[in-house]
Amino acid sequence: MAPKNDMDEAGIGELVEKAKEAGPLQVKWLKNPFETQMWRSIFRHKVDDQPRNRSLAVLSNVFLHLHPAKVNRDSVRYTFTWGMGGITFYLFLILTFTGVALMYYYHPDKANAFRDILYIKNDVPFGNFLRNLHRWAAHSMIITVWLHQMRVFMTGSYKAPREFNWNVGVILLLVTMMLSFTGYLLPDDQLGFWAVTVGTNMARATPLIGHEGPFGPEIGATAFNDVRFAMLGGSIVDANALLRSYIHHCVGLPLVGGVFMIVHFWRIRKDGSISGPAPVMLASEVKNAKGRR
Amino acid sequence: MDWKQLWEICSAPDNVPIVLLLFLTPFYLWYGFREAIKNDRLITQLEADPALAKTHHRRHQPYHPAWDKTVHVWPYLLRIELLAALVVTAFLCIWAIYLDAPLEEPANPTLTMNPAKAPWYFLGLQEMLVYFDPWIAGVILPNIIVVGLMAIPYMDTSPLGNGYYTWKQRKFALGGFLFGYLVLWLALAIVGTFIRGPGWMWFWPGQTWDAHRVVHEVNIHLHELFGITDVWEIAIFGGIATLGFTAVLGGAVDFALRKWKPELFRKMNVIQYAHLVGFLIMMIRLPVKMVLKLGFDIKYVWVTPWFNV
Ligand code: HEM
């Protein structure tokens, strides 16, 4: 039997005392985690429901600060924006996540591409689900972008001061469609191969720089030096075209799209938030200056 | 009536989205026009009553002077965004569980798909190939569409209808856009998806896609109707016909604009006006060419050794 040690006794006693103190403290933190040092280190504001805190919740969060703190009370009605711009952006995020996940299983070369898709479909856990999600989110994004543009037109939101943002939007429309198109080739199946063949065949006919276009042959365009050759990295849709598609699809276009989306959102704020629902204006109130307000 | 064929087209996995769009587009059109009609009523009312126009809050949405003009983003907007994200996620998950993305045989350059179709969102362009040579349908027209879209805000500088739905104040702008989008773009994509079968032949919905159907495809070129045979004469004749038609069309558009939209003519500067007329000409030429081809089998108006129009 070990000799009794006074020091030990006292140490343990103190610890026990501290533990007893800690009990209620932990209960207190559990009841109100917002008071803890850890919480405060993450969120930079209090949580009680006050106007100041509601604003800070948005403004002090990097992901939410694209929003203003307050918006026009009628603009949050679904009837105005249809939510299509936001949904488009959300679909872009889904596509980024599912797309990166797919990249882990996909090699962009003729020997592997098709087999990798079979592998994803049949063997990768949830691979088929992942691929389906990516596919249908892509199609949905085209639909929502078109509807978004339709609503922007119907509310006249391209008018001053938002002309530039409309143009940024047109670029985003192109990027979205090119993303879908470049992705279509990647499974390297008949569907994608022929769609891209048909699509890029049109480039042959580009005036001057296509080898079947007006005045193309006359200035020396051939199947091996024209614009289609530059797009495909060859005269037919083959290994180089697959690799190019892959790089456009996974790197180039998402980057360009991402940059333009940042500009798009920034401009929405700078142009004074979204355009409405604005008070209606009467024809009699339009100043008769030439082309200007 | 071959229902199975129709079902096969509509249920092809990559066609399901355009079937969805077939329902979504009319819905949102109605949804937008419902707002437009409410605003138009308000505008009519305010125009008739200048005193009211001075005091009215000028929106059709419910209003109370004591209400705040703005609301906090947290929670009033963010909760909607969260809800939208949840709905979209759930919708996509269900879609992805019940419908598999298509995968055909491995790519095979020696085995042509018939019909070889682009995805549905490009079928408008592919359908245009029937009416124009690839350098127009595949290169010129898409570029004009993009430039035209970009030019819209700089041509339509009217401050009316900025930020609210209205039909009354923007009949021309809205009508023009919807004609372009719904008829020239969507309808062509729908034809490309549902009507065009093997060999890009025309099959009515419910008709069996018979790859061996023999269609006596007649392609007449305009100069043949006039019995012109010499290459140079053909080229010159076609040039006159094409440019002449364009000029006449431009004149007609110009006349119509001055007559029915005088205020528009007055307010635009010459660059804006020239571009507007130019884009309108292009928008009208497409359906004209479609009528020529579908109705009269006329393929080319202008045949030259280098290009055809
Ligand atoms: C990747 C594609 C796009 C994304 C992610 C996107 C996102 C957004 C978002 C989130 C908004 C806020 C209001 C709303 O949700 O409606 C918005 C507004 C706007 N978008 Fe887009 N958009 C895209 C494409 C386009 C296109 C194709 C156009 C037009 C050609 C366009 C033009 C505009 C304009 C002018 C506004 C301001 C609307 C207003 O003030 O009422 N955007 N966009």
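In what follows, chains are A, B, ... by sequence order, proteins preceding strands, each numbered from 1. Values in this document were obtained by computation on a predicted structure and should not be read as measured data.
- Relative ring orientation between F181(A) and F122(B) is described as perpendicular, the plane-to-plane angle rising above 60° on a 0-90° scale split at 30° and 60°.
- Proximity to chain A is limited to the side chain of W120(B), based on heavy atoms less than 4.5 angstrom apart.
- Taking every heavy atom of both residues into account, P159(B) and V286(A) meet most closely at CG-CG1, 4.0 Å.
- Contact of S180(A) with chain B is made through backbone and side chain together, with heavy-atom distances under 4.5 Å.
- For the residue pair T89(B) and Y90(A), a side-chain donor N or O sits within less than 3.5 Å of a side-chain acceptor on the partner.
- Side-chain N or O atoms of K159(A) include one that pairs as donor or acceptor with a backbone N or O of L160(B) at under 3.5 Å.
- Looking at L174(A), only its side chain comes within 4.5 Å of chain B, counting heavy atoms on both sides.
- In this view, Y154(B) and E163(A), N167(A) satisfy the side chain to side chain contact (heavy atoms under 4.5 Å, CB included) rule, not counting sequence neighbours.
- With a 4.5 Å cut-off on non-hydrogen atoms, P142(B) does not touch chain A at all.
- The shortest non-hydrogen separation linking L92(B) to S140(A) is CD2-OG, 3.9 Å.
- The part of R77(A) that comes within reach of chain B is its side chain, from C-beta onward, which places non-hydrogen atoms under 4.5 angstrom from that chain.
- At a 4.5 Å heavy-atom cutoff, H60(B) makes no contact with chain A through either its backbone or its side chain.
- Using a 4.5 Å cut-off between heavy atoms, I274(A) does not touch chain B at all.
- Of the listed residues (D68(B), L42(B), N39(B), N308(B)), the one with the most heavy-atom contacts under 4.5 Å to chain A is D68(B).
- Taking S275(A), A195(A), G276(A), P214(A) one by one and counting their heavy-atom pairs under 4.5 Å with chain B, the maximum is reached by P214(A).
- Of the listed residues W167(B), W95(B), Y181(B), the one with more heavy-atom pairs under 4.5 angstrom with chain A than any other is W95(B).
- In this structure, W306(B) contributes its side chain and E218(A) its backbone to no donor-acceptor pair below 3.5 Å.
- Contact of the L191(A) side chain with the M113(B) side chain is registered, since non-hydrogen atoms from C-beta on lie closer than 4.5 Å.
- Of the listed residues (P13(B), A36(B), A53(B)), the one with the most heavy-atom contacts under 4.5 Å to chain A is P13(B).
- Heavy-atom distances place the side chain of I80(B), and not its backbone, under 4.5 Å from chain A.
- The shortest non-hydrogen separation linking G156(A) to N162(B) is O-OD1, 3.5 Å.
- No more than 12 heavy atoms of other residues, nucleotides or ligands sit less than 6.0 Å from atom CZ of F126(A).
- T79(A) places a side-chain heavy atom less than 4.5 Å from the side chain of R34(B).
- At distances below 3.5 Å, not a single donor-acceptor pair connects side-chain atoms of E47(B) with backbone N or O atoms of S284(A).
- Counting only heavy atoms from C-beta outward, the side chains of P207(A) and V139(B) approach each other to under 4.5 Å.
- Interface remark: V280(A) contributes backbone and side-chain atoms alike to the contact with chain B (heavy atom separation under 4.5 Å).
- D100(B) and W136(A) make their closest contact through O-CZ2, 3.7 Å (heavy atoms, listed as atom of the first residue, atom of the second, distance).
- Classification of the Y78(A)-Y28(B) ring pair by plane angle, with boundaries at 30° and 60°, yields tilted.
- Around the CD atom of E105(B), the shell of radius 6.0 Å holds no more than 12 heavy atoms that belong to other residues, nucleotides or ligands.
- Interface remark: E212(A) contributes no atoms to any contact with chain B (heavy atom separation under 4.5 Å).
- F91(B) contributes atom CZ, which lies 10.5 Å from atom CD1 of I87(A) (distance to the nearest 0.5 angstrom).
- Looking at V73(B), the atoms closer than 4.5 Å to chain A (heavy atoms on both sides) sit in the backbone and in the side chain alike.
- Taking M150(A), K110(A), R115(A) one by one and counting their heavy-atom pairs under 4.5 Å with chain B, the maximum is reached by M150(A).
- In this structure, the portions of D14(B) lying under 4.5 Å from any heavy atom of chain A include both its backbone and its side chain.
- In this structure, chain B has a heavy atom under 4.5 Å from the side chain of A57(A), while its backbone stays farther away.
- The main-chain N or O of P115(B) is never found under 3.5 Å from a side-chain atom of W194(A) such that the two would form a donor-acceptor pair.
- Closest non-hydrogen pair, L133(A) versus C93(B), comes out as CD2-N, 4.2 Å.
- In terms of modelled atom types and a separation under 3.5 Å, the side chain of W74(B) and the main chain of N53(A) share no donor-acceptor contact.
- Contact of L111(B) with chain A is made through backbone and side chain together, with heavy-atom distances under 4.5 Å.
- Side chain of Q169(B) to main chain of M281(A): a donor-acceptor pair is present (N/O by atom type, distance under 3.5 Å, no hydrogens or angles).
- Heavy-atom distances place both the backbone and the side chain of P51(A) under 4.5 Å from chain B.
- Heavy atoms of I136(B) lying under 4.5 Å from chain A are absent altogether.
- By number of non-hydrogen pairs under 4.5 angstrom with chain A, the leading residue of T304(B), L103(B), I152(B), L178(B) is L103(B).
- When heavy atoms are compared at a cutoff of 4.5 Å, L174(B) approaches chain A by way of both its backbone and its side chain.
- Heavy-atom pairs under 4.5 Å with chain B peak, among F129(A), F80(A), F153(A), Y184(A), at F153(A).
- At a 4.5 Å heavy-atom cutoff, the contact between V58(A) and chain B is made by side-chain atoms alone.
- Between chain B and the residues Y158(A), F215(A), F193(A), the largest count of heavy-atom pairs under 4.5 Å involves Y158(A).
- Remark: H275(B) NE2 is loosely packed, at most 12 non-hydrogen atoms of other residues, nucleotides or ligands lying under 6.0 Å away.
- Note on L130(A), L282(A), D238(A): by heavy-atom pairs under 4.5 Å with chain B, the leading option is L282(A).
- When heavy atoms are compared at a cutoff of 4.5 Å, P109(B) approaches chain A by way of both its backbone and its side chain.
- Contact of I18(B) with chain A is not made at all, since no heavy-atom distance falls under 4.5 Å.
- Top candidate by heavy-atom pairs under 4.5 Å with chain B, chosen from K70(A), H67(A), M202(A), is K70(A).
- Only the side chain of L64(A) comes within less than 4.5 Å of a heavy atom of chain B; its backbone N, CA, C and O stay farther away.
- Pairing each heavy atom of Y164(B) with each of P279(A), the nearest pair is CE2-O, 3.7 Å.
- Listed options P305(B), G138(B), G163(B) were ranked by heavy-atom pairs under 4.5 angstrom with chain A; first place goes to G163(B).
- Defined by atom type and a distance below 3.5 Å, a donor-acceptor pair is missing between the side-chain atoms of Y63(B) and D74(A).
- If you measure heavy-atom distances from T112(B) to chain A, the contacts under 4.5 Å come from both the backbone and the side chain.
- Looking at I94(A), the atoms closer than 4.5 Å to chain B (heavy atoms on both sides) all sit in the side chain, from C-beta outward.
- In terms of heavy-atom pairs under 4.5 angstrom with chain A, the leader among E81(B), K69(B), E263(B), R170(B) is R170(B).
- Interface residue A173(B): backbone and side-chain heavy atoms are both found under 4.5 Å from chain A.
- For chain B, the nearby part of R135(A) is the side chain; its heavy atoms alone come within less than 4.5 Å.
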